[in-house]
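Notes follow once the structure below has been shown.
Naming: A, B, ... by sequence-line order, numbering from 1 per chain. These numbers come from the heavy atoms of this one structure, side chains and all, not from hydrogens, waters or symmetry mates.
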Amino acid sequence: MSSKHDTLTYNTSYSRSKSATIEEWIALQDAWKEQLMLEPEVLCSAVDLESLLETFPLLGGVDITPDREHENVAYVGIAVLSSRTLELKYCQTYRANLEVPYIPGFLGFREAPALINAVECLKKEKPQYFPHVLFVDGNGILHPRGFGSACQVGLFLDLPTIGVAKSFLNVDGLNSLQVKDQLYQQENRWLPLVGSSNRLLGAALLSNGSVKRPIFVSVGYRIKLLEAVNLVFHACRYRVPEPIRIADHISREAARQALCRMQES
DNA sequence: GCGACAG
DNA sequence: ATCTTGTCGC
């Protein structure tokens with residue numbers, strides 16, 4: 001793996017700068033949510049995996065590992081795989097500056113600009129590997145205001161995205177324990193998540209036969225939940241879909257390398 | 001005040 | 001996200 005990575009610049013148009021207040025962020029999420037053009041979703045016809053793989057030949061995954069020394073520095077990993085074979089086609093890491101802290105419910109304001117920049121770099125430098133759908137570490141519409149980081153990334157890239165969270169964010173009357181109980185009781189390996197608003201918000205998945213802790217999948221942008229669930233199952237060799245697992249691995253490695261270089265000097 | 005809190 | 005050892009299993 002190359003230890004060379006480009007430094008990303010922060011594009012404030014995606015998050016309106018560091019001086020924004022929480023109220024302004026909420027207003028932005030509410031406004032952006034309207035642009036998702038979401039039709040209230042129903043679990044209708046079964047999805048054909050073959051046609052899914054034709055629609056999405058390349059699967060992308062992004063993840064971020066924070067720098068141990070600098071609060072506002074992080075390493076973005078991006079991985080692109082063949083959807084049919086899960087063969088790794090391309091991966092790269094980038095150093096990025098994060099301009100705002102993490103606040104629960106506003107992860108996208110911290111991470112999305114760096115993730116978006118990484119995908120745009122890929123589009124420019126290796127257009128043949130530009131993915132047809134992007135797995136994002138975090139939630140899509142399974143979010144207090146229906147606009148998680150995966151929505152933010154997808155909307156501004158105009159690219160289908162799937163939110164994949166490793167822990168549950170209590171939202172719309174849904175609670176982590178009750179969701180897990182319900183999932184474990186039934187025989188299916190996944191459970192649709194319907195909140196007290198009666199809307200379908202996402203799904204809890206036991207992604208692999210040997211996995212005990214669920215992951216939580218929700219629509220980010222321009223994809224159906226059933227398509228997202230099928231793609232996630234297909235892409236899971238382990239608990240987390242391969243594109244995200246690889247992106248996580250290389251971004252951690254980049255952070256580790258940076259720490260080593262720092263301790264040398 | 002209390003609990004909950006993606007990464 | 002991170003703090004943290006061993007242990008069981010393929």
N or O in side chain of A:Arg256 less than 4.0 angstrom from C:dT2 OP1/OP2: no
A:Lys212 atom NZ is separated from C:dG9 atom P, nearest whole Å, by 11 Å
Atom CZ of A:Phe109 and atom P of B:dC5 are separated, to the nearest Å, by 21 Å
What integer distance in Å separates A:Asn139:CG from B:dA4:C1'? 14 Å
Looking only at atom C1', what distance separates B:dC5 and C:dT2, rounded to whole Å? 16 Å
Distance-minimising heavy-atom pair for A:Ala114 and A:Val76: CB-CG2, 3.9 Å
Ranking C:dA1, B:dG7, B:dA6 by distance to the side chain of A:Ser149, first place goes to B:dA6
Looking only at the side chain of A:Arg68 (C-beta and beyond, no hydrogens), which of the listed nucleotides C:dA1, B:dA6, C:dC3 gets closest? C:dC3
May I have the distance from A:Asn72 (atom CG) to B:dG7 (atom C1'), rounded to whole angstrom? 16 Å
Quick one: is C:dA1 close enough that its OP1 or OP2 comes under 4.0 Å of any side-chain N or O from A:Thr65? no
What is the distance, rounded to the nearest whole Å, between atom CZ of A:Arg252 and atom C1' of B:dG7? 11 Å
Note: A:Glu242-A:Arg245 ion pair, threshold 4.0 Å (strictly below): yes
Return no unless some side-chain N or O of A:Asn170 is found under 4.0 Å from OP1 or OP2 of B:dG3. no
What's the CG-P distance between A:Leu142 and B:dG7, to the nearest Å? 11 Å
Heavy atoms under 4.0 Å, any strand shown: does A:Gly105 hit a base, just sugar-phosphate, or nothing? base
Round to a whole Å and report the spacing from CG of A:Asp67 to P of B:dG7. 20 Å
Can you check whether A:Phe168 stacks with the B:dA6 base, using ring centres under 5.5 Å and planes within 30°? no
Mind checking the P distance from B:dG1 to C:dG6? Whole angstroms is fine. 43 Å
Treat each ILVMFWY residue as a node, draw an edge where side-chain heavy atoms are under 4.5 Å apart, and state whether A:Ile78 and A:Leu107 are in one component. no
Dump the intermediate steps for side chain to side chain donor-acceptor pair (under 3.5 Å) on A:Gln178 and A:Gln182, then the final yes or no. CA-CA 6 Å; A:Gln178 137 209 342; A:Gln182 215 178 325; 4.9 Å; no
A:Asn230 side chain to A:Leu226 main-chain N or O, any donor-acceptor pair under 3.5 Å? yes
Kindly say if A:Lys166 contacts the phosphate of B:dA6, meaning a side-chain N or O under 4.0 Å from OP1 or OP2. no
Once you round it to whole Å, what is the distance between C1' of B:dA6 and CG of A:Leu115? 13 Å
